[in-house]
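Worksheet for the structure shown next.
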Amino acid sequence: MNILVINSGSSSIKYQIVNMSSNNVLASGVIERIGEPQSSLKHKWLKADGSYEEISLTREVADHREGLQWITKVADDTGLTQQLKGLFGIGHRVVHGGEVFQEPVIINDKVIDAIRKMIPLAPLHNPANLVAIEAALADYPEVPQVAVFDTAFHQEMPPYAFHYAVPYELYKNYHVRRYGFHGTSHQFVSKQAAAYFGRPLKELNLITLHLGNGASASAVRGGKSIDTSMGLTPLEGLIMGTRCGDIDPSLPFYIAQRSGLSFNEIDCMLNKQSGLKGICGANDMREIISRADGNDALALLSLDMFCYRIKKYIGAYYAVLGGIDAVIFTGGIGENSAVIRSRSCEGLQRLGISIDAEKNNSPSKEVREINQNAAPVKALVIPTNEELEIAVQTVETISAGK
Ligand code: ADP
C-alpha cells in the first residue's frame, strides 16, 4: 500500500512516496523555484538492492500542475510507475484548518471551499496548498486525497488557553484566537514516545519541543495538545531562526511611531529579520554554535535567549500539565544539538528533569533517552517524520471513509 505525500509551498513542492507495509520511503524529493525560468528537482529513490540513488535536474516549470507532472515523469523514469499507478491515497499537508477541521478529511469540493475561506488566516500557505491539491486532483482523479492540517492537533485546546484577552467580537468576527502549528510533528513524536515507553498515550503527560527553523512547544495530555506556543500565526512563542516569538504586543506600534516603518515592513521584520538572526545576524544554529564557541558575544547572547525561552515554556507547561512523564526534543535543532538540549533543561532538577551528559552527546537517528537514570522525568530525542505521520493519517482517514 503506497501513499504519495505532498507538502507544497508557494514556489516549491516537497514529496514522498511511502510504502505503508514496510514504512520504507520509496522516493522523496523537492521541486524549487516553480514559476522561475530554471526550476530545480532533486529526486531520491530506493533501488532494488536497498540503496538510495539521487539525481538533480533543472528545467522550466510554469506552475504546480507542471511541477507535479514532472515529478510523475521522473518517478516513472526511476522505476516507480507501478507504485504511482497503484496509489492507495495522496496526503496533502495543509497549514491552516481554522476551527473547521479537527482531524484530517477526504478532499472534496466542500473541503476545498473551506480551505479557501481560511486563506486570510494563512495568506502565504493555504493558497500554495490549494494549487497543489487542485493539480493532484486533476492528475490523479481516481485516487482518494486527504488534507492533513498543521492546526488540527491543537484544536482540542480549552477556550481559556486559545482565547486572547482582546474584545470577544474579534473572535466572533475575524476568528482571532490561538491555533498553533507543527501539529503533525507534535502528534507524531507523542505517539513515538508512547510506543517507546510501551504505555498507552492516554496515560502520558508530555512536553514536546519542535525546534527547527520554526520552533514551538506543546503541552500534551493523554495524546491531546492542551496548549501550544504558536498562536494566531506561527510568530508567537519560542524564539526562532528569523521570527521573534513572544514580544510585548505594543512593540510594533512603538516601532512604527519611532521609525516610520509601515505595518507591512514591521510584519516582515518580525517574521524574517528577527529571532536568532535579529540578534546575531545568523539563523543557522550550527553557525551560531560555532561562533559562540569562538566567544562571539552576540552569538552567545542569542543562544542564551533561545534556551532561556525554551526553559520558560517547559516551566509553564509543567505547571499546566501538573507534572510530566517526559520532555521531548525534535526538529533539526532538537534532534541534533546536545548543547541546546542541555542548556534548555539546566537547573530543572527540582522538576525531575536532569540530562545525562554522555547520553546527550551520543548522536543517533533512533528514539533515545538522554535523562539521568534516576531522573523521575524522561528526556527523549525523537526524530520527527511529518511525512510519515501524514501518510499514516491519510490511510486512517481513507480507511474510515471520513
Ligand atoms: P525546518 O523548520 O526548516 O524544517 P529543520 O527542522 O531542518 O528546519 O531545522 C533547521 C535547523 O536545525 C537549523 O537552524 C540548523 O542549523 C539546525 N541544525 C541542523 N543540524 C544541527 C546540528 N548538528 N547542530 C545544531 N543545529 C543543527
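The model shown is predicted, which means the values in this text are computed figures rather than measured ones.
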Does any pair with a residue in residues 374-396 pass salt bridge (Lys or Arg N to Asp or Glu O under 4.0 Å), and if so which ones, sequence neighbours excluded? Lys191-Glu389, Glu369-Lys378
Can you tell me which residue pairs pass the salt bridge (Lys or Arg N to Asp or Glu O under 4.0 Å) test with a partner in residues 126-138, sequence neighbours excluded? Arg116-Glu134
Any non-hydrogen side-chain atom of Leu201 less than 4.5 Å from a side-chain atom of Gln187? no
Could you name each residue pair satisfying ring-ring contact (aromatic ring centres under 6.0 Å, His included) that touches residues 309-350, not counting sequence neighbours? Tyr313-Tyr317
Can [X] and [Y] be counted as an ion pair, charged N to O under 4.0 angstrom?
X      : Y      : answer
Asp63  : Arg65  : no
Lys312 : Asp246 : no
Arg221 : Glu156 : no

Are there more than 12 heavy atoms of other residues, nucleotides or ligands under 6.0 Å from atom OH of Tyr174? no
Determine yes or no for a side-chain-to-main-chain donor-acceptor pair under 3.5 angstrom, with [X] supplying the side chain and [Y] the backbone.
X      : Y      : result
Asn360 : Ile370 : no
Ser39  : Arg33  : yes
Asn129 : Ser8   : yes

side-chain contact (heavy atoms from CB on, under 4.5 Å) for Ile340 and Leu303? Distances and angles first, verdict last. CA-CA 8 Å; Ile340 298 291; Leu303 279 189; 3.7 Å; yes
By side-chain contact (heavy atoms from CB on, under 4.5 Å), Ala215 pairs with (sequence neighbours left out) Leu211, Leu238, Met240
Hits for side-chain contact (heavy atoms from CB on, under 4.5 Å) against Ser12, two or more places apart or cross-chain, chain-then-number order -> Glu32
Does a donor on one side chain sit under 3.5 Å from an acceptor on the other, for Tyr52 and Ser28? no
Which side-chain hydrogen bond (donor to acceptor under 3.5 Å, both in side chains) pairs, counting each pair once, include a residue from residues 288-307, with sequence neighbours left out? Arg291-Asp296, Asp304-Arg343
Tell me whether the rings of Tyr179 and His96 are parallel (<30°), tilted (30 to 60°) or perpendicular (>60°). perpendicular
Give the ring-plane orientation class for His186 versus His154, where under 30° counts as parallel, over 60° as perpendicular and anything between as tilted. perpendicular
For the rings on Phe153 and His182, is their centre-to-centre separation under 6.0 Å? no
Does the pair Leu4 and Ile71 meet the rule for a side-chain contact (heavy atoms from CB on, under 4.5 Å), with working shown? CA-CA 11 Å; Leu4 170 63; Ile71 293 168; 5.6 Å; no
